[in-house]
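Okay, so here's the structure we're looking at.
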2 protein chains.
Amino acid sequence: MVNEVETYVEVLKGHDLKVTQQRLEILRYLEEHRTHPTADEIYKALIKKYPSLSKTTVYNTLEILCDAGIIDQLTICPTEHRYDFHHQAHHHFFCKQCGKIIDINFPCPNVETIKKDILKNGHQIDDVHGYFKGICSSCIKKREKQDGY
Amino acid sequence: MVNEVETYVEVLKGHDLKVTQQRLEILRYLEEHRTHPTADEIYKALIKKYPSLSKTTVYNTLEILCDAGIIDQLTICPTEHRYDFHHQAHHHFFCKQCGKIIDINFPCPNVETIKKDILKNGHQIDDVHGYFKGICSSCIKKREKQDGY
DNA sequence: CTGGCTGCAAATCCTTTGCAAAGCC
DNA sequence: GGCTTTGCAAAGGATTTGCAGCCAG
C-alpha cells in the first residue's frame, strides 16, 4: 500500500525519472483511482487543484510512465485509451454498451507458456493483456426491463 | 477455404445481411489479406477497382460484419483499428516499433475457465482477445545493428 | 547552468454524422 | 414502393506536434 508522497518520489527516482509536481500528482491519482481513467478524466480531476496543468503534460507523463512500466495503457476501449496502475497481472472485461471496464482477477497460468512460445521466436514482450468484450450484467438487466420483462 | 464469390453471398445471407457489391468486396479482401488491415488500407486497395467506393461504406460495413461476428475488430494497436477475418481463435503480438501484428497460434485452454468465471457474474462475452505487446525480432536485430553490433 | 519538462495553441489523424441519391427485394 | 445502403462533405474527438519559457538536478 502506498501512503506517502515520498513513495511516489521513490518510484520515479527508481526509474531514473525526474521528480516533478505533475508526475507525482498523476501517479497519486492513478494509485488512488483504480477505475482505469482516461487522460481527460485525469486532467479534469487534477486541474481543480492545479489550474496550470496542461493536458499535454498529462499525455506526456502517461507515456513516460508507460514506457517505464509503472502504469499500463489499456486499448480495450475502441475510442480512447485508459490507464491502470501496474499492479499484479489481471485481465479486463469491457462492456460495449456502457463502456465500463471490469477487472478480472482470475489467473491465467497458461499465459506463461504462450509467452515462452513468443520469446522463442526472438520477440521481446513488454505487456500482456487479456481482453474480454461483451455486455455487462447490469446492462443486460436494463435491456430486459426495456424489453418488457 | 473460400474460393467462390458465391460463398461470401452465403455468409452474408446466413447472417440476414443484405448482399451488396461493396460488402462482398470487403469480405473478399479480408479473407484474402490476413494482414489485419485498417479501414483505410481496405479502402485504398478497393478504390482502385471500385472508384465510387466511399470510406464511410468501409466503416459501415466493417461495423456490420463485426456485429454479426463474421470479422473481429482488433484494438491492439493504440492508434487505429485493425480487422481480422474471424477464423479459429488465436492471439496477437503487436510490435510497438514497426506496428506489425503477428498471429500467435498457440492455444490458451485456460481461457475457457476465465470465461466461465466471467459468465458466472452475469456478463455476456462476445469477444476474447489475447494481446502481447513488445518489440518484434526483426526490430531487435535492426536496433542491434544501429547500436554497432 | 542546462537538458529535460511544462503548457499553450494549432494541427493531425481516425472515425462518426447528416443527409440526399441510388439500390435491393 | 418502401426501407436499407451508399457516398459525399463536414463535424467530432482523442492525441500529437512545435515551440517558448520554466525548472529540477
Side-chain angles (χ1 to χ4, degrees), chain A residues 5-6 8-27 29 36-68 70-71 73-83 94 96 99 101, chain B residues 5 8-9 12-13 15-27 29 36-44 46-68 70-71 73-83 96 99 101:
Chain A
V5 169
E6 207 47 44
Y8 300 119
V9 173
E10 295 311 320
V11 170
L12 290 171
K13 282 187 176 171
H15 288 269
D16 286 320
L17 298 175
K18 284 201 177 175
V19 178
T20 67
Q21 194 63 31
Q22 293 88 335
R23 291 179 179 183
L24 291 174
E25 286 304 326
I26 291 170
L27 259 186
Y29 185 87
H36 323 96
T38 61
D40 192 59
E41 281 165 10
I42 297 169
Y43 171 74
K44 286 210 172 82
L46 297 183
I47 194 80
K48 294 171 192 165
K49 286 161 111 185
Y50 302 89
S52 74
L53 180 69
S54 156
K55 203 178 271 188
T56 306
T57 301
V58 176
Y59 277 108
N60 284 342
T61 303
L62 290 172
E63 189 186 348
I64 286 164
L65 296 176
C66 275
D67 288 348
I70 300 168
I71 65 172
Q73 181 185 59
L74 304 183
T75 59
I76 193 171
C77 169
T79 56
E80 64 205 349
H81 298 150
R82 297 187 160 273
Y83 297 87
F94 174 72
K96 291 189 273 189
I101 294 175
Chain B
V5 170
Y8 301 118
V9 173
L12 291 171
K13 282 187 177 170
H15 287 272
D16 286 321
L17 298 174
K18 286 204 175 172
V19 178
T20 68
Q21 193 63 32
Q22 293 88 335
R23 291 177 181 183
L24 290 175
E25 287 302 328
I26 290 170
L27 259 185
Y29 185 87
H36 324 94
T38 61
D40 193 58
E41 281 165 10
I42 297 169
Y43 171 73
K44 287 211 172 82
L46 297 183
I47 194 79
K48 295 171 191 164
K49 285 162 114 187
Y50 303 89
S52 74
L53 180 68
S54 156
K55 203 179 272 189
T56 308
T57 301
V58 176
Y59 277 108
N60 285 342
T61 303
L62 290 171
E63 188 185 349
I64 287 164
L65 296 176
C66 274
D67 288 348
I70 299 169
I71 65 173
Q73 182 186 61
L74 304 184
T75 60
I76 193 171
C77 169
T79 56
E80 64 205 350
H81 298 151
R82 296 186 161 273
Y83 297 87
K96 292 190 273 188
I101 295 176

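Every chain is numbered from 1, with letters handed out A, B, ... down the list of sequences.
- Rounded to whole angstrom, the span from the NZ atom of B:Lys13 across to the P atom of D:dT4 amounts to 19 Å.
- When the side-chain nitrogen and oxygen atoms of A:Thr56 are compared with OP1 and OP2 of C:dG7, none of them lie within a distance under 4.0 Å.
- Rounded to whole Å, atom C1' of D:dT16 lies 14 Å from atom CG of A:Leu62.
- Of all the heavy atoms in B:Val58 and B:Ile26, the pair that sits closest is CA-CD1, 3.9 Å.
- Between B:Arg82 and A:Gln21, the one whose closest nucleotide on DNA chain C sits nearer the 5' end is A:Gln21.
- When rounded to the nearest whole Å, the span between NZ of A:Lys55 and C1' of C:dA9 equals 13 Å.
- Between A:Thr20 and C:dT6 there is a side-chain N or O to OP1 or OP2 distance below 4.0 Å.
- A close approach under 4.0 Å does not occur between any side-chain nitrogen or oxygen of A:Ser54 and OP1 or OP2 of C:dT6.
- What you find for A:Lys18 and A:Leu12 is that their closest heavy atoms are O-CD1, 4.2 Å.
- Atom CG in B:Asp16 sits roughly 18 Å away from atom P in C:dC24 (whole-Å rounding).
- Applying the 4.0 Å criterion to OP1 and OP2 of D:dG7, one finds that B:Gln22 has a side-chain N or O inside that range.
- Side-chain atoms of A:Asn60 lie closest to C:dT6 of the nucleotides C:dC25, D:dT15, C:dT6.
- With rounding to whole Å, A:Ile64 atom CD1 is found 12 Å from D:dT16 atom P.
- A:Tyr50 and A:Gln22 are not linked by any side-chain donor-acceptor pair at a separation below 3.5 angstrom, with hydrogens and angles left out of the test.
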Exercise. In sequence, state the C-alpha distance, the side-chain angles, and the governing distance for B:Tyr83 and B:Leu74, and then conclude on side chain to side chain contact (heavy atoms under 4.5 Å, CB included).
Key: CA-CA 6 Å; B:Tyr83 297 87; B:Leu74 304 184; over 6 Å; no
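- Contact annotation for B:Thr38: no contact, since no heavy-atom pair falls under 4.0 Å across all strands.
- Ion pairing of B:Glu25 with B:Arg23 is absent here, as no side-chain N (NZ or NE/NH1/NH2) approaches a carboxylate O to less than 4.0 Å.
- Each of B:Lys18 and B:Glu80 was matched to the nucleotide of DNA chain C holding its nearest heavy atom; the match closer to the 5' end belongs to B:Glu80.
- Using a 4.0 Å cut-off, no side-chain N or O of A:Thr57 falls inside it from OP1 or OP2 of C:dC5.
- For B:Tyr59, no side-chain nitrogen or oxygen approaches OP1 or OP2 of C:dT16 to under 4.0 Å.
- Regarding contacts with the backbone of C:dC14, every side-chain N or O of B:His81 stays at 4.0 angstrom or more from both OP1 and OP2.
- Nearest to the side-chain atoms of A:Thr61 among the listed nucleotides C:dT6, C:dT15, D:dT15 stands C:dT6.
- Between the OH atom of B:Tyr43 and the P atom of D:dC8 there is a distance of 7 Å, rounded to whole Å.
- Note on A:Asp40: nothing from the nucleic acid sits closer than 4.0 angstrom, heavy atoms only.
- Across the interface with DNA chain D, nearest-nucleotide mapping of B:Leu17 and B:Pro51 shows B:Leu17 to be the residue nearer the 5′ end.
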